Amino acid sequence: MTPAARLQATIDLMHEVDSVARPADAVVSAWFRARRHIGDGDRGQILELLHALLRHQARLGWWLVRHGRKDTPRSRLLAWLALKEAKTPDQVDRLFGGAKFAPAILTDHERALLVKLQGCTIDHPGMPEEVRLECPSWAADPLRRRFGEAFANEMAALLTPAPLDLRVNPIKSTRDAVLGALTDLGLRAEPSAMAPYGIRVHERPSLASLPMLKSSEVEIQDEGSQLVAVLVDARPGDRVVDFCAGAGGKTLAIAAQMNNKGHVVACDVMEGRLKRGAERFRQAGLHNIQTRLLANETDRWVKRHKGGFDRVLVDAPCSGTGTWRRNPDARWRAQEEQGLDNLVSLQARILASAARLVKPGGRLVYATCSMLYEENEEQVAAFLAVHPAFRAVPLNEAAPRLTNSAHPDYLSLTPARHDTDGFFAAVMQREASPPPNALAKDNKEQTA
Ligand SMILES: C[S@@+](CC[C@H](N)C(=O)[O-])C[C@H]1O[C@@H](n2cnc3c(N)ncnc32)[C@H](O)[C@@H]1O
């Protein structure tokens with residue numbers, strides 16, 4: 001493709017991302033699937049530009065509004081070329097030549113915009129902090145409350161591209177063997193700082209060039225997500241539920257940890273995700289997982305299996321604030337529609353219902369990829385306040401080797417402090433002999 005054709009492709013793709021109410025990675029995959037003629041190199045460059053535009057979306061929009069222009073994929077790209085690539089109006093003119101596959105010729109208004117932006121840089125002292133830090137307005141107050149003085153630093157970390165983390169599948173390989181194979185491919189990689197099966201790759205290889213991915217010797221999984229599975233601490237022979245399993249990212253790690261021994265039930269309310277999960281379990285050589293589609297969190301299956309499991313993981317649907325560097329479009333999507341309060345209520349309902357599955361002496365792990373108190377520490381405190389049969393297990397007891405968390409009681413990871421996605425996890429244990437009145441109070445809570 002010519003450079004100009006790549007620019008037009010980026011505009012087209014951005015239109016699709018803006019107009020389809022699905023995560024950008026799903027939109028991107030579908031878009032490229034329908035354009036198989038686009039080679040790996042061009043795909044990489046188009047994606048890199050798309051992600052850069054998404055990471056600068058608020059600032060580009062601010063400049064466009066300032067000069068009375070509508071914020072569209074094409075005008076955003078023009079502003080990018082002027083502000084970040086320091087292209088002169090004449091240079092942009094040559095790219096927007098209107099040739100086959102190239103962007104249409106510049107209008108007079110567009111040329112005037114480029115002239116006004118000449119010599120400016122993307123950040124401007126007049127920008128509100130939220131714009132400069134690319135923070136959506138619904139999240140600014142909760143994130144400020146969470147981070148205090150570190151707010152700007154954490155937001156800046158969320159604007160850096162996420163590293164490529166792999167989790168070795170111990171059923172099929174070892175970390176040393178995979179590290180050796182990556183070195184043979186000419187890639188720089190090292191063991192993850194905290195996750196026992198994790199590998200951090202210090203480059204951006206095309207995923208198609210990694211044979212160990214195809215053979216399921218490794219999965220792509222952020223180190224934070226791997227650590228949540230470690231905290232579940234499922235042992236061979238245990239009975240485990242992954243209540244919000246989705247397409248099974250954490251289920252895979254948990255079941256492998258159990259060395260295929262014992263029983264894992266992967267539940268979710270989305271059938272498509274569970275089906276994708278089942279396919280991944282098969283490819284990973286894991287035979288101890290069963291999928292279970294739930295109508296909702298209070299599905300009758302939950303009541304029927306009350307007290308039947310050693311470990312229950314609730315990887316709750318959340319705001320996803322911890323994943324913004326990996327999914328740069330996520331901060332601009334959906335949250336306004338769903339609302340933080342509704343999300344917090346849903347999480348509370350899911351946690352209370354899933355807790356019924358935990359047997360005396362068993363553990364409940366509540367996790368999110370959010371960094372907001374509302375979804376994390378406060379959610380757990382509210383749960384414990386009305387479920388006295390459960391006690392919080394401090395991190396040094398649940399995972400003595402995980403001493404690097406921002407919080408002594410919970411796993412609390414942030415991109416600026418740990419260079420992982422933002423993750424939270426709390427481990428709670430159902431006491432083998434509950435304190436007096438605890439059962440009565442628990443039952444009352446569940447039937448309410
Ligand atoms: C954070 S995602 C899970 C990601 C997954 N555990 C992984 O590691 O790949 C949350 C999941 O919760 C599911 N979910 C939403 N509402 C639910 C409910 N009421 N009961 C159970 N699962 C629910 C969503 O479909 C979604 O797959």
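FYI, the numbering just counts along the sequence from 1. Counting convention: from 1, in listed order, for ligands and their atoms alike. Since the structure is predicted, the reported quantities are computational estimates derived from the model, not experimental observations.
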Pairs where residues 143-156 contributes a residue and the test salt bridge (Lys or Arg N to Asp or Glu O under 4.0 Å) is met, not counting sequence neighbours
Glu129-Arg144, Glu130-Arg144, Asp141-Arg144, Arg145-Glu374, Arg145-Glu378
Give me each pair satisfying side chain to side chain donor-acceptor pair (under 3.5 Å) with a member in residues 240-249, each pair once, sequence neighbours excluded.
Asp242-Thr251
Tell me, please, which residues at least two apart from His56 pass ring pair (Phe, Tyr, Trp, His ring centres under 6.0 Å).
Trp80
Ordered by chain then number, the protein residues lying under 4.0 Å from ligand 1 by heavy atom are Phe243, Cys244, Ala245, Gly246, Gly249, Lys250, Asp268, Val269, Met270, Arg273, Glu297, Asp315, Ala316, Pro317, Ile350
Considering only NZ, NE, NH1 and NH2 on the basic side and carboxylate oxygens on the acidic side, decide whether Lys250 and Asp315 come within less than 4.0 Å.
yes
Less than 4.0 Å between a side-chain N and a carboxylate O, is that true for Arg391 and Glu431?
yes
Any salt bridge linking Asp310 with Arg363? Criterion: basic side-chain nitrogen under 4.0 Å from a carboxylate oxygen.
no
